[in-house]
Amino acid sequence: MVAGAPSPPDGFRRLMSRWTTGVSVVTAHDGAVDAGLTVNALLSVSLAPPALLVSLMHDVDTLPVLERSGRFGASLLAADQRSLSERFALPSAPARKFEGVPIHRAPHGSALLDGTLGGVECRVVSRTPAFDHILVMGEVEYQEVGRDALPLVFYRSGYGEADASGRIRLPSGRP
Ligand SMILES: Cc1cc2nc3c(=O)[nH]c(=O)nc-3n(C[C@H](O)[C@H](O)[C@H](O)COP(=O)(O)O)c2cc1C
């Protein structure tokens, strides 16, 4: 441990920012309303059956819609979809986030964003409170493979940028 390291939670946040992730947009549709947010706490849990876990802050607007519908979608963003990650991370009204965003519907109505690396629609099988987050486990009921493109990468609180030679340059971020 580095002497003088900042104490949690800021220190923990900074430490975990060194853990590189992809970026997804998790959506829910309750028949009337679409909601969605940017999520990098997404984990592939099981292959048989295919299942995913997402960790959602307990007070996000998407959560009640997801709980009403019992399902959620997850769209895996490509490197050139950074603006979608930024848009779905804003604290704006759920409906506004989707304005002008091309989507299509999974079989049970979850919105999947167009042009991504791929997407899934999951049935919620458990919901576990975890401190200030809720862990939502979903069994994958529908999946689609999208573009064969570079992924959007989140590292040190910033996004990777694809360069002309097709490589991803990671942000240097804070030390
Ligand atoms: C790269 C990135 C990753 C994020 N990952 C998560 C996450 O895993 N879980 C979460 O609850 N919020 C995450 N957020 C924050 C939410 O996207 C943000 O709070 C959003 O405004 C919540 O939207 P909502 O209240 O409309 O549901 C992330 C934000 C960014 C920029």
Side-chain angles (χ1 to χ4, degrees), residues 8-10 12-45 51-101 103 106 109-113 115-122 124-138 140 149-162 168-174:
D10 189 49
F12 182 63
R13 184 196 295 266
R14 230 188 273 185
L15 169 62
M16 291 313 296
S17 77
R18 296 180 175 204
W19 181 247
T20 314
T21 69
V23 184
S24 68
V25 172
V26 167
T27 57
H29 178 72
D30 66 1
V33 171
D34 281 304
L37 80 168
T38 303
V39 165
N40 67 343
L42 178 149
L43 173 69
S44 167
V45 170
L52 282 185
L53 184 75
V54 291
S55 179
L56 303 182
M57 191 72 179
H58 66 91
D59 60 354
V60 296
D61 289 340
T62 304
L63 194 57
V65 182
L66 182 154
E67 288 173 341
R68 281 197 296 278
S69 71
R71 287 192 167 76
F72 64 91
S75 299
L76 312 180
L77 298 186
D80 58 5
Q81 294 184 308
R82 173 180 175 165
S83 62
L84 289 173
S85 174
E86 292 168 342
R87 170 189 278 249
F88 280 89
L90 290 174
S92 45
R96 289 205 56 196
K97 292 188 178 184
F98 287 86
E99 275 172 14
V101 175
I103 61 155
S110 304
L112 295 176
L113 276 49
T116 66
L117 305 181
V120 294
E121 184 176 54
C122 297
V124 175
V125 293
S126 71
R127 175 197 183 282
T128 309
F131 306 102
D132 58 357
H133 279 61
I134 308 287
L135 304 179
V136 180
M137 175 95 77
V140 176
L150 292 172
L152 185 61
V153 166
F154 197 65
Y155 171 71
R156 287 196 159 185
S157 307
Y159 295 95
E161 297 277 355
I168 293 182
R169 293 167 54 90
L170 294 176
S172 51
R174 291 192 294 171

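Each residue takes its place number in the sequence, starting with 1. Remember, it's a predicted structure, so these values are computed and weren't measured experimentally. Read the numbers this way: they start at 1 and go in the same order the structure lists the ligands and their atoms.
Using a 4.0 Å cut-off to heavy atoms of Met57, the atoms of ligand 1 that qualify are 10 (C), 11 (O). Close contacts between ligand 1 and Ala41 involve ligand atoms 8 (O) [criterion: under 4.0 Å to a heavy atom]. Heavy-atom contacts of Leu56 reach the following atoms of ligand 1: 11 (O) (cutoff under 4.0 Å). Taking a cut-off of under 4.0 Å to the non-hydrogen atoms of Phe154, the atoms of ligand 1 that pass are 1 (C). Heavy-atom proximity to Phe88, at under 4.0 Å, picks out these atoms of ligand 1: 17 (O), 20 (C).
Looking only at side-chain heavy atoms (C-beta outward), Thr27 and Phe98 come within less than 4.5 Å of each other. Using a 4.5 Å heavy-atom threshold, the side chains of Ile103 and Ser75 count as separate. Side-chain atoms of Leu77 and Leu113, non-hydrogen and from C-beta on, do get closer than 4.5 Å to each other.
Between Lys97 and ligand 1, at least one pair of N/O atoms sits closer than 3.5 Å. Geometrically, ligand 1 and Ser92 share no nitrogen or oxygen pair separated by less than 3.5 Å. Considering both main-chain and side-chain atoms, Thr62 comes within under 3.5 Å of ligand 1 through a nitrogen or oxygen pair. Inclusion of His133 in the set of residues having an N or O under 3.5 Å from an N or O of ligand 1 is not warranted.
Between the side chain of Lys97 and the backbone N or O of Leu90, at least one donor-acceptor pair lies under 3.5 Å. Arg156 contributes a side-chain N or O that, together with a main-chain N or O of Ser172, makes up a donor-acceptor pair within less than 3.5 Å. With hydrogens and angles ignored, the 3.5 Å screen pairs no side-chain donor or acceptor of Gln81 with any backbone N or O of Leu152. Under the 3.5 Å distance criterion, the side-chain polar atoms of Ser69 are left unmatched by any main-chain donor or acceptor of Asp30.
Looking only at heavy atoms of the protein, atom 25 (O) of ligand 1 is closest to Asp61 N, 2.7 Å. When hydrogens are left out, the protein atom nearest atom 13 (C) of ligand 1 is Thr38 O, 3.2 Å; that is the closest non-hydrogen contact.
With a heavy-atom cut-off of 4.0 Å, Asp59 does not touch ligand 1 at all. In Tyr155, neither the side chain nor the backbone holds a heavy atom less than 4.0 Å from any atom of ligand 1.
Within the model, atoms OG of Ser55 and CG of Asp132 stand 8.0 Å from one another, a figure rounded to the nearest 0.5 Å.
Summarising the contacts of atom 7 (C) of ligand 1 with Gly36, Ala89, Ser55, the nearest heavy atom is found in Ser55.
Shown are Val120, Val45, Val26, Val136; of these, the side-chain contact (heavy atoms from CB on, under 4.5 Å) with Leu52 is made only by Val120.
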